[in-house]
Amino acid sequence: MDPQAFIRLSIGSLRLRCTGIDLSTGKSGIQRLSSPCVCEIRLRGFPVQTSSVPLITSADVIPDTQNIASSFYLEESDLKALLAPGCFYNPHACLEISVFSGSKGSHCGVGIKRQQIGIFKMQVGPEWGEGKPLILFNGWIGIGKNKHENGKPSAELHLKVKLDPDPRYVFQFEDITTLCPQIVQLQGSIKQPIFSCKFSKDRVSQVDSLSTYWSGATDISDLETERRERKGWKVKIHDLSGSAVAAAFITTPFVPSSGCDWVARSNPGAWLIVRPDACRAESWQPWGKLEAWRERGIRDTICCRFLLPSEAQEGGEVLMSEIYINAEKGGEFFIDTEKHMRTTTGVASSIPSPQSSGDFGSLSPMVGGFVMSCRVQGEGKRGKPLVQLAMRHVTCVEDAAIFMALAAAVDLSIEACKPFRRKFRRSFRHSM
């Protein structure tokens, strides 16, 4: 399998210091700001990213060079678009970081106005496309609009801007998951068959190593009950030789929650993602769990939450990703450990990531950036899931297969979370 070239642009080690004149001593020194600072990070063609900017209140403080505030992932087409000449007013694409004090919104009905402290700009250059690790900037730079009498800027920003190659394998299901499609690897215009996907509905649990993880379902003939739950769905991923190399099974049925007609957060459906047990033939080894439910609102969303087993964590599971997908239009489910850590703790570090899916499944929440993504269509649309997988998590074909099973479970969860249609039996009274 040949990967496609991607690069990761990371912005980190953000710190801000503002200097001014101490009226009591008449000397210049670092000032404290009355409100927290944030920055907006822009790159043409990508959504704006926001990050907090810690303030340095002492000249002795050394910025943490391992902290990552924001990342952009660029493929070849993105680089071509960024390097292409722009409009008359903006001929060159730039990485732009605008720093503000205060925050948007209002407090007690009174509007709060942000104050821009300064802007850092870096022009996109041809070196971005060389595919080599490169530090574009690392250190302090003046961004303040105002300057002191000695010419020193009133505000200085510390940051580290770095490029790293981040190759990915790109796969696509050739048809909707329920039609048992082939899965091909995309390399430019070339499509290479890698896996096949077999979907089935079986209302009887299997008698194998999964029995303790299964929901214990028995054969159900009551049609009314069958309309009220979705269970027994399974997907197996086969390699080119026909051997099953990964699978996903519904272990908690998708059923309407009490008082409503949809799968709610209080009682989500769940899939068990498994791989073959190396020690026992015809048996499966649990790898991860995907939970899914429907959130009602102006625009309904499907929440997909992926967890890994962990003996080190309380409860035995570690949350790796929780993504909301537009129920009508579809969207992208992804595992990005760096983004996950920023969301849950506000901090992300560049601890080395695991080298294979086996290692990935045995670690607690780690960071290391992008792991996988799966783009799916909304309800009732004939979508072909598109999967991207970081090369560093794949040492063999079987490593990729487990993520294909996860992608299939995400895609089928859109269908499993559709509202249930209540159908009432009519009764007829005969006159006596």
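- Nearest heavy-atom pair, A81 versus R44, reported as atom, atom and distance to 0.1 Å: O-NH2, 3.2 Å.
- Listed for the S413 side chain is no donor-acceptor partner under 3.5 Å among the backbone atoms of A292.
- Every side chain to side chain donor-acceptor pair (under 3.5 Å) that D175 has, sequence neighbours left out, goes to R382.
- Between the OG atom of S321 and the CE atom of M372 there is a distance of 9.0 Å, given to the nearest 0.5 Å.
- The side-chain heavy atoms of L74 and L82, taken from C-beta on, include a pair separated by under 4.5 Å.
- For the residue pair S51 and L14, the shortest heavy atom distance occurs at OG-CD1, 4.1 Å.
- Put simply, the side chain of C94 does not reach to within 4.5 Å of the side chain of V124, judged on heavy atoms.
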For this session: Take K381 and E379 through the salt bridge (Lys or Arg N to Asp or Glu O under 4.0 Å) test and state the conclusion after the steps.
Result: CA-CA 6 Å; K381 297 182 180 179; E379 296 170 345; over 6 Å; no

For this session: Take F6 and E76, measure what side-chain contact (heavy atoms from CB on, under 4.5 Å) needs, and give me the verdict at the end.
Result: CA-CA 7 Å; F6 280 74; E76 186 177 353; over 6 Å; no

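- Residues forming a side chain to side chain contact (heavy atoms under 4.5 Å, CB included) with P276 (at least two apart in sequence, or on another chain): W284.
- Considering only residues two or more places apart in sequence or on other chains, F120 meets the ring-ring contact (aromatic ring centres under 6.0 Å, His included) condition with F137.
- A 4.5 Å side-chain heavy-atom check between F100 and V53 finds every atom pair outside the cut-off.
- Cation-pi geometry between R230 and F254 is not met: the NZ or CZ atom fails to fall both under 6.0 Å from the ring centre and inside 45° of the normal.
- Because its NZ or CZ atom is both nearer than 6.0 Å to the ring centre of Y73 and within 45° of the ring axis, R168 counts as a cation-pi partner of that residue.
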Problem set entry | I302 and V410: CA distance, side-chain angles, deciding distance, side-chain contact (heavy atoms from CB on, under 4.5 Å) verdict | CA-CA 10 Å; I302 308 300; V410 171; over 6 Å; no

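- For the side chain to side chain contact (heavy atoms under 4.5 Å, CB included) test, residues two or more places apart in sequence or in another chain that qualify with I237 are I183, F195, C197, V235, V245, A246, A401, M404, A405.
- In this structure, V255 and V263 have side chains that are not in contact, with every pair of non-hydrogen atoms separated by 4.5 Å or more.
- Pairing each heavy atom of W140 with each of E156, the nearest pair is CZ3-O, 3.5 Å.
- When the side chain to side chain donor-acceptor pair (under 3.5 Å) test is applied to D239, the partners found at least two apart in sequence or on another chain are S241.
- Taking all atoms of both residues into account, the shortest heavy-atom contact from A409 to I273 is CB-CD1, 4.0 Å.
- For E295, the side chain to side chain contact (heavy atoms under 4.5 Å, CB included) partners are R265, W293, T301, Y324, not counting sequence neighbours.
- Aromatic rings from F249 and W287 are positioned such that their centres are separated by 6.0 Å or more.
- In this view, S266 and S257, A264 satisfy the side chain to side chain contact (heavy atoms under 4.5 Å, CB included) rule, not counting sequence neighbours.
- Partners of D300 according to the side chain to side chain donor-acceptor pair (under 3.5 Å) rule, which considers only residues two or more places apart in sequence or in another chain, are R294, R296.
- A heavy-atom distance below 4.5 Å is found between the side chains of L136 and L9.
- Between F199 and W233, the ring planes lie perpendicular to each other; the angle is over 60°, past the 30° to 60° tilted range.
- Between H158 and S13, some side-chain heavy-atom pair lies under the 4.5 Å cut-off.
- Annotation: the span from I119 atom CD1 to S98 atom OG amounts to 4.0 Å, rounded to 0.5 Å.
- Side-chain contact between Q388 and F370: present, with at least one pair of heavy atoms (C-beta onward) separated by less than 4.5 Å.
- Salt bridge present: D164 and K162 bring a charged side-chain N and a carboxylate O closer than 4.0 Å.
- Between the side chain of H238 and the backbone N or O of K198, no donor-acceptor pair lies under 3.5 Å.
- Nearest heavy-atom pair, I97 versus C39, reported as atom, atom and distance to 0.1 Å: CG2-CB, 3.9 Å.
- With a 6.0 Å cutoff to the six-membered ring centre and a 45° limit on the axis angle, R8 does not count as a cation-pi contact of F72.
- Within the structure, salt bridge (Lys or Arg N to Asp or Glu O under 4.0 Å) pairs that include any residue of residues 184-193 comprise E174-K191 (at least two apart or interchain).
- Rounding to the nearest 0.5 angstrom, the gap separating the CD atom in E40 from the CD atom in Q116 is 9.0 Å.
- Taking SG of C374 as the start and CG of L386 as the end, the distance is 8.0 Å to the nearest 0.5 Å.
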Exercise. How far apart are the C-alpha atoms of C417 and I414, what are their side-chain angles, what is the distance that settles it, and do they pass the side-chain contact (heavy atoms from CB on, under 4.5 Å) test?
Worked result: CA-CA 5 Å; C417 289; I414 305 297; over 6 Å; no

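- Screening residues 405-419 for salt bridge (Lys or Arg N to Asp or Glu O under 4.0 Å), with sequence neighbours left out, gives E415-K418.
- Of all heavy-atom pairs spanning F403 and D399, the tightest one is CD1-O, 3.3 Å.
- Take K289 and apply the side chain to side chain donor-acceptor pair (under 3.5 Å) test, not counting sequence neighbours, and it matches E291, E317.
- Expressed to the nearest 0.5 Å, how far CG of D166 lies from CD of Q4 amounts to 12.5 Å.
- Applying the side-chain hydrogen bond (donor to acceptor under 3.5 Å, both in side chains) test to every pair with at least one member in residues 118-132, sequence neighbours left out, gives no pairs at all.
- Rounded to the nearest 0.5 Å, atoms CD1 (I335) and CZ (F306) are 4.5 Å apart.
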For this session: Apply the test side-chain contact (heavy atoms from CB on, under 4.5 Å) to residues I56 and L16: give CA-CA distance (whole Å), side-chain angles for both, the deciding distance (0.1 Å), then the verdict.
Result: CA-CA 6 Å; I56 285 184; L16 180 70; over 6 Å; no

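- Other residues, nucleotides and ligands contribute more than 12 heavy atoms inside 6.0 Å of the CD atom of Q187.
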